[in-house]
Amino acid sequence: MLDLKYIRENPALVKKGITNKNEKDTVDQIIELDKDRRHILSQSEELKAQKNRVSAEIPRLKKAGENTDAIFAEMKEVADKIKELDESLRVVNEKLNSLLEWVPNLPHTSVPIGKSAAENVEVREWLPEGFEFGKEDDEPILDHLELGKKLGILDFERGAKIAGSGFPVYIGKGAALERALINFMLEHHVDHHKYTEIIPPLLVNRESMRGTGQIPKLEEDMYHMEKDDLFAIPTAEVPITNMHRDEILLESQLPIYYVGYTPCFRREAGSYGKDSKGFLRTHQFNKVEMVKLVKPETSYKELEMITADAESILKSLLIPYRVLMLCTGDLSFAAAKCYDIETWSPAENKWLEASSCSNFEDFQARRANIRFRNVESNKVDFIHTLNGSGLATSRLMVSILESYQTPEGKIIVPKVLQKYTGFEIIG
RNA sequence: GGAGAGGUGGGAGAGUGGCUUAAUCCAACGGUUUGCUAAACCGUCGUACUGUUAACUCGGUACCGGGGGUUCGAAUCCCCCCCUCUCCGCCA
């Protein structure tokens, strides 16, 4: 949510930001409604002030034995008029809010302007020592689907039988490898980057979804339990960020770093056929998510740090990756700035998105009403929120299986995971 | 699913129609005292919107879980809903 006052005072800047994000510009309507709103509000408040003044007089008049009938009759009329004004105010506010809710966050000034993913900017690339692109071509290389089937560690067909396509089943050492990966990532962030581990609810209410900005725009993309009006989380960002909804934090509590593993559920409505085989697009996947609640002036420094935290996982696993700065047109609804981390898939011969690290500035905090008390000024202000996948296991699993396969089609378990799996090779 | 209790400021917690400007305590902030720390004492201390201003300056309005109602006037009375806790039932 943007600050209405900011929109009122900087309409041109807001319009530009919205347009650069390929979203619908409703600034003119918002400003018009805001004008109506304030006009009605001042009329209503003036009458209320009158009402309060008179009410305060009544006990005195009664004590003095004066007749209050005329005043009561007049005040009755004032009360009716107030009710009328407040009703029209309610209507205007409703319209205004339904527009405001759809206004995206504005891109940070450092974000390149662009229409689509094609205009994202590569910031850096990291390759393990001795790695060369295309070296794989000398030997037959199996993709993750073939490997999973051959080794009996992944079963997409049975997942489809049980639930539907896009619900993978991990078996035996495949399941152990997945579990090892999750444990490794959690421990790594807790031990080396000072995150506090969280196991949150996997179903959340509507207010939480609104708080982090999934609702209204992405409502269709989520699984919804109608009976209880609960949503299956599309990412741990939702429950973890909402832990502090409607709270005023002490400045001394900040920054707060959380990390949590959860399964994530996405309907992926309308995306069939595109990158959809195997792990490339699933309805359920595992993700370790980092969430930061920080003071506003530190959030861009924190964005660099959270990105580095995600990268350090890939360095430990010796997986080639690159970091992209998303252009304005590819930024998500709530993000002001975002880095995507893509891992290399030798079989697909392309980069796959495995992490997204974003600064939401005060956009989510405003929606979720998360504030802190500034010690110096003793004023409350919205915090800034960030999050980053650290990381999603499915895409990462593609890179691991494909990169660590031997000529015989076995998988060597990455060194850092071996103490978690208890075995060194699959197959 | 049934019965009961409850929801008040950053936290605890009083408040049964106008003397509430929501008491009091704690926390926080400023100060006094003091070798230092602690303690004690004094003072300040809600949020949002809105108008105004050089200024968070000064004014107005709203807010006691949410929404309606009664009344000249509601934290307080009435109705509906939500949530939390306890007990019972059912179940992992």
Side-chain angles (χ1 to χ4, degrees), chain A residues 1-9 30-101 199 201-211 215 225-231 239 242-254 256 293 295-296 362-363 365-383:
Chain A
M1 192 92 81
L2 295 186
D3 184 6
L4 183 53
K5 249 181 264 173
Y6 183 84
I7 299 177
R8 190 191 301 152
E9 284 158 18
I30 287 170
I31 287 176
E32 210 39 54
L33 282 168
D34 178 47
K35 232 180 248 168
D36 292 350
R37 172 186 145 265
R38 284 183 295 153
H39 179 66
I40 300 168
L41 188 65
S42 72
Q43 290 179 45
S44 164
E45 288 191 346
E46 204 169 305
L47 290 178
K48 284 173 182 168
Q50 185 193 348
K51 182 191 83 174
N52 290 343
R53 270 197 309 274
V54 173
S55 285
E57 288 293 316
I58 302 269
R60 234 174 300 164
L61 293 175
K62 281 196 160 178
K63 215 172 250 178
E66 292 189 32
N67 187 320
T68 52
D69 291 355
I71 297 178
F72 282 5
E74 192 196 341
M75 283 303 106
K76 179 88 183 144
E77 263 175 58
V78 169
D80 287 346
K81 182 74 185 158
I82 290 172
K83 201 171 279 183
E84 240 172 74
L85 286 168
D86 282 353
E87 174 57 21
S88 45
L89 190 61
R90 191 190 60 79
V91 171
V92 170
N93 271 332
E94 214 162 83
K95 279 189 207 159
L96 187 58
N97 283 332
S98 64
L99 286 179
L100 274 177
E101 208 172 49
I199 300 181
L202 305 181
L203 299 181
V204 302
N205 57 32
R206 188 170 283 276
E207 213 27 59
S208 295
M209 283 296 186
R210 198 187 302 281
I215 284 181
M225 328 285 145
E226 205 172 328
K227 248 184 186 167
D228 300 291
D229 199 24
L230 292 172
F231 295 85
N242 275 282
M243 279 174 51
H244 295 287
R245 176 151 51 83
D246 291 321
E247 290 185 14
I248 298 178
L249 303 163
L250 295 173
E251 187 174 344
S252 55
Q253 289 175 264
L254 301 176
I256 295 173
L293 310 182
K295 288 198 270 176
D362 66 4
F363 189 83
R366 198 178 289 282
R367 287 180 160 242
N369 195 29
I370 310 173
R371 296 172 293 172
F372 76 106
R373 190 175 296 280
N374 188 307
V375 169
E376 236 170 83
S377 63
N378 206 32
K379 294 285 168 207
V380 292
D381 196 7
F382 292 107
I383 59 156

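Labels below follow one simple rule: chain letters A, B, ... track the order of the sequence lines, proteins then strands, and each chain is numbered from 1.
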Mind running side chain to side chain contact (heavy atoms under 4.5 Å, CB included) on A/Leu89 and A/Arg37 for me, showing each step along the way? CA-CA 6 Å; A/Leu89 190 61; A/Arg37 172 186 145 265; 4.1 Å; yes

Verdict with supporting geometry, A/Phe231 and A/Asp229, side chain to side chain contact (heavy atoms under 4.5 Å, CB included): CA-CA 7 Å; A/Phe231 295 85; A/Asp229 199 24; 4.1 Å; yes

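One finds no side-chain N or O of A/Arg373 lying less than 4.0 angstrom from the OP1 or OP2 phosphate oxygen of B/A27. Within the 4.0 Å cut-off from OP1 or OP2 of B/A48, at least one side-chain nitrogen or oxygen of A/Arg371 is found. Not one side-chain nitrogen or oxygen of A/Asn369 sits closer than 4.0 Å to the OP1 or OP2 atom of B/U47.
Using C1' as the reference atom, B/C56 and B/G51 are 14 Å apart when rounded to the nearest Å. Comparing the same atom, C1', in B/U76 and in B/U8 gives a spacing of 12 Å after rounding to whole Å. Separating the P atom of B/C29 from that of B/A38 is a span of 12 Å, rounded to the nearest Å. The gap from the C1' atom of B/U21 to that of B/U61 amounts to 15 Å, rounded to the nearest Å. Remark: the separation of the P atoms in B/G31 and B/G17 is 44 Å, to the nearest Å. Here, B/U50 and B/A39 have their P atoms 42 Å apart, quoted to the whole Å. Taking atom P in both B/U71 and B/A22, one finds a spacing of 26 Å when rounded to whole Å. With both ends at atom P, the span from B/C63 to B/A75 equals 7 Å, rounded to whole Å.
Here the P atom of nucleotide B/C49 and the CG atom of A/Asp36 are 19 Å apart, to the nearest Å. Nucleotide B/A48 holds its C1' atom 9 Å from the CZ atom of A/Phe382, rounded to whole Å. The interatomic distance linking A/Leu249 (CG) with B/G11 (P) rounds to 11 Å, in whole Å. As a whole-Å value, the separation of A/Asn93 CG from B/A62 P is 16 Å. Atom CG in A/Asp362 sits roughly 16 Å away from atom C1' in B/A48 (whole-Å rounding). As rounded to whole Å, 13 Å separates atom C1' of B/U21 from atom CG of A/Asn52. A/Glu207 places its CD atom 18 Å from the P atom of B/G65, with the value rounded to the nearest Å. A straight line from CG of A/Leu89 to P of B/C63 spans 13 Å, rounded to a whole angstrom.
In terms of the side chain to side chain contact (heavy atoms under 4.5 Å, CB included) criterion, residue partners of A/Glu87 (sequence neighbours excluded) are, by chain and number, A/Arg90, A/Val91. Residues forming a side chain to side chain donor-acceptor pair (under 3.5 Å) with A/Arg373 (at least two apart in sequence, or on another chain): none. A/Asp362 meets the side chain to side chain donor-acceptor pair (under 3.5 Å) test with A/Arg366; sequence neighbours excluded. For A/Tyr6, the side chain to side chain contact (heavy atoms under 4.5 Å, CB included) test picks out A/Asp3, A/Asn10, A/Leu13, A/Val14, A/Leu106, with sequence neighbours left out. A search for side chain to side chain contact (heavy atoms under 4.5 Å, CB included) contacts involving A/Asp228 returns A/Leu230, not counting sequence neighbours. Partners of A/Met75 according to the side chain to side chain contact (heavy atoms under 4.5 Å, CB included) rule, which considers only residues two or more places apart in sequence or in another chain, are A/Gln50, A/Val54, A/Ile71, A/Val78.
In terms of modelled atom types and a separation under 3.5 Å, the side chain of A/Arg367 and the main chain of A/Arg210 share a donor-acceptor contact.
Contact detail for A/Met209 and A/Val204: the closest heavy-atom pair is CE-CG2, 3.7 Å. In terms of heavy atoms, A/Ile7 sits closest to A/Ile31 at O-CD1, 4.1 Å.
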Protein proximity profile, nucleotides 69-76 of chain B - base contact B, sugar-phosphate-only contact S, no contact -, cut-off 4.0 Å on heavy atoms: -SSBS---

Go along nucleotides 50-57 of chain B 5' to 3' and tag each nucleotide: B for a protein heavy atom under 4.0 Å from its base, S when only backbone or sugar atoms are that close, - otherwise. SS----B-

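With hydrogens and angles left out, the side-chain atoms of A/Asn52 and A/Ser55 include no donor and acceptor closer than 3.5 Å.
Among residue pairs with one or both ends in residues 42-56 of chain A, those qualifying as salt bridge (Lys or Arg N to Asp or Glu O under 4.0 Å) are A/Lys48-A/Asp86; sequence neighbours excluded. Sorted pairs that involve residues 70-83 of chain A and meet side chain to side chain donor-acceptor pair (under 3.5 Å), not counting sequence neighbours, are lacking altogether.
Side chains of A/Leu249 and A/Ile256 form a contact here, defined as non-hydrogen atoms less than 4.5 Å apart.
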Would you write the dot-bracket representation of RNA chain B, where each base gets (, ), [, ], | or . depending on whether it forms a Watson-Crick or G-U pair under 3.5 Å and with which partner? ((((((((.[[[..)..(.....]]].(((((.......))))).((((((......)))))).[[[[[..)....]]]]])))))))....

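Among the atoms of the strands shown, none is found under 4.0 Å from any heavy atom of A/Val78.
Between A/Arg53 and A/Asp3, the residue whose closest nucleotide on RNA chain B is further toward the 5' end is A/Asp3.
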List, with names and distances, any nitrogen or oxygen atoms from the protein found under 3.5 Å away from nitrogen or oxygen atoms belonging to nucleotides 80-85 of chain B.
none

